[in-house]
Amino acid sequence: MNISIIGTGYVGLVSGACFSEFGFNVTCIDKDKNKIDNLNDGLIPIYEPSLESLVKKNVKAKRLFFSTNLSEHFKNSDVIFIAVGTPTNPNNNKADLKYVFDVASEVADLIDLTDKPKLIVTKSTVPVGTGKKIESYILNYRKELELGKNFEVASNPEFLREGSAIEDFMRPDRVICGAESNFAKSILEKLYRPLNLRETPILFSKRETAELIKYAANGFLATKITFINEISDICEKVGADIQEVAKGIGLDGRIGSKFLHPGPGFGGSCFPKDTRALSEIAREAGSNSRIIDSVIQVNESRKINMVKKIKNALKPLENKSLSILGITFKPNTDDMRESPSLVIVPELVKVVKNINVYDPAGMPIAKNMKEFTGVNWKNNTYECVKNTDGIVILTEWNEFRALDLEKVKKLLNQHVIIDLRNIYKPSSMIELGFKYISVGRGS
Ligand code: UGA
């Protein structure tokens, strides 16, 4: 089976590498020539554990190719995945489908009327009804095309997480396929046959259902995080411990223990964008989305509340020097999109005398972001914390979990740690002589 994947962002590149690892011939296509040249030279544009070795292995095996030119690969492709970005349109909070429809017109132009039909599959997160819209768009764009005879459109949303993307793709909890015809079903079945060995559930549904499953999953997970963040606030007021509360409720199989870690609010390229889009999908459909709307609102105020927490712990802040450990929205990624640090750091820059920042992967991107104007970039944790009056941990990178805390103590002017990811045990930190403030565990 020959696959073309359009868009070499997280989803496109990881899917391409993994489908080629399954044994299919895959060409990843992107308009960005520089990106494609780099990929052909073995340079991976994103920080994702194991991706580089998987790409190199499959390029060497001549199963994975990179190109800027869809037309050269189109004829040979049985299936064309759309994996381009669907960012929030700031004017209306909806997912911007410009890139998706650009691909649809390109594909429509390339379809050969005498050839067997092509299956076009959306892997990007797209609003409910987009599959149908792509179908109508193509039929309208090239009137001689016939649905079924020349092409079909299916939905196959992706559930991988940044930082564990390869593992998530190769060992998913489930695969969702929005495909109604036998032609579309049989291609998707073949594509995911390698997962049969692990008995991965492969769910076939209507296209609209598949599209909504993706938003409902992200919306539910964002709600779960927001819920535990709210419970952590209550813990602080009543003297309960959020770690134990999360464990206590998570052991109930109906609730589950995952995604119950409190923190400075969810960020990244998916949850913020997808909760906003889900709210718009509901509004347009004339339905209510009061829970999702609250989640969006509560998550925004969460970041500002974290600033208040830091200010409270270190007041007066004016003449203080602070060190920030971690700025990416989560560990094992260099992705800075909608990271809580983008709200928290600028608020702190306004009041403190000096801010040092260190992140194991996020600094090359963050150095060019206006939100970090005025901070001092440091090369490692110890350089970062030296001579500062307090540490704020914003991202739970593994290397922050294993710090030489005696050394940290010696380097600090004041022994204050504000840990917004709960990576340390309060009792051990107090024993070591720190003023330790974490989330939902008293002070
Ligand atoms: C998320 C979903 O988890 C994936 O299943 C989905 O495929 C992806 O979005 C997407 O739609 O493409 P991702 O954004 O990579 O994946 O990251 P997550 O691990 O889900 O974390 C998102 C945010 O929630 C991070 O800021 C993280 O720190 C926060 N989080 C997560 C918490 O604050 N607490 C938790 O318990 C879990």
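Throughout, residue positions are numbered sequentially from 1 according to the sequence presented. Read the numbers this way: they start at 1 and go in the same order the structure lists the ligands and their atoms.
Between Thr388 and Ser321, the side chains place no donor N or O within less than 3.5 Å of an acceptor N or O (distance only, hydrogens not considered). Inspection of the Asn305 and Arg302 side chains reveals no N or O donor paired with an N or O acceptor under 3.5 Å. Side-chain atoms of Ser289 and Asp293 include a donor-acceptor pair closer than 3.5 Å. Side-chain contact annotation: Asn380 with Tyr358, donor-acceptor N/O pair under 3.5 Å absent.
For a threshold of 3.5 Å applied to N or O pairs, the pair formed by Gly268 and ligand 1 contains no separation below that value. Geometrically, ligand 1 and Ile225 share no nitrogen or oxygen pair separated by less than 3.5 Å.
The protein heavy atom nearest to atom 16 (O) of ligand 1 is Arg161 CG, 3.6 Å. If you check which protein heavy atom lies closest to atom 13 (P) of ligand 1, you get Lys330 NZ, 3.8 Å. Given atom 1 (C) of ligand 1, the protein heavy atom at minimum distance is Phe271 CE2, 3.5 Å. Counting protein heavy atoms only, atom 37 (C) of ligand 1 is closest to Phe259 CD2, 3.4 Å. In terms of protein heavy atoms, atom 14 (O) of ligand 1 is closest to Phe329 CE1, 3.7 Å.
Checked by atom type and distance alone, the side chain of Asn299 never pairs as donor or acceptor with a backbone atom of Val295 at under 3.5 Å. A donor-acceptor pair under 3.5 Å links the side-chain atoms of Lys35 to the main chain of Thr8, judged by distance alone. The main-chain N or O of Ile255 is found under 3.5 Å from a side-chain atom of Lys224 such that the two form a donor-acceptor pair. Proximity of a side-chain donor or acceptor of Ser124 to a complementary backbone N or O of Val84 within less than 3.5 Å is detected. Between the side chain of Ser77 and the backbone N or O of Val79 there is no donor-acceptor pair closer than 3.5 Å.
Heavy atoms of Cys270 approach ligand 1 to within less than 4.0 angstrom. Not close to ligand 1: Glu396, with no non-hydrogen atom less than 4.0 angstrom away.
Of all the atoms in ligand 1, the ones that sit under 4.0 Å from a non-hydrogen atom of Asn218 are 2 (C), 6 (C), 9 (O), 10 (C), 11 (O). For ligand 1, the atoms closer than 4.0 angstrom to any heavy atom of Phe159 are 4 (C), 5 (O), 6 (C), 7 (O). Contact atoms of ligand 1 toward Lys214: 6 (C), 7 (O), 10 (C), 11 (O), 12 (O) (distance under 4.0 Å to a heavy atom of the residue). If you number the atoms of ligand 1 from 1 as listed, the ones under 4.0 Å from a heavy atom of Glu162 come out as 15 (O). Under a 4.0 Å criterion applied to the non-hydrogen atoms of Phe266, ligand 1 contributes the atoms 23 (C), 24 (O), 26 (O). Below 4.0 Å from some heavy atom of Arg421 lie the following atoms of ligand 1, by number and element: 28 (O), 33 (O).
Scanning Gly267, Pro272, Pro340 for the heavy atom closest to atom 26 (O) of ligand 1 points to Gly267.
The minimum heavy-atom distance between Thr200 and Pro172, with the atom names listed, is CG2-O, 3.6 Å.
Figure legend: Arg174 and Phe159 shown as a cation-pi pair, the cationic atom lying under 6.0 angstrom from the six-membered ring centre and within 45 degrees of its axis. Cation-pi geometry between Lys367 and Phe372 is not met: the NZ or CZ atom fails to fall both under 6.0 Å from the ring centre and inside 45° of the normal.
Contacts between Tyr10 and ligand 1 below 4.0 angstrom, taking non-hydrogen atoms only, are absent altogether. At a 4.0 Å heavy-atom cut-off, ligand 1 touches His261 through backbone and side chain alike. Counting heavy atoms under 4.0 Å from ligand 1, residue Leu160 touches it through the backbone alone.
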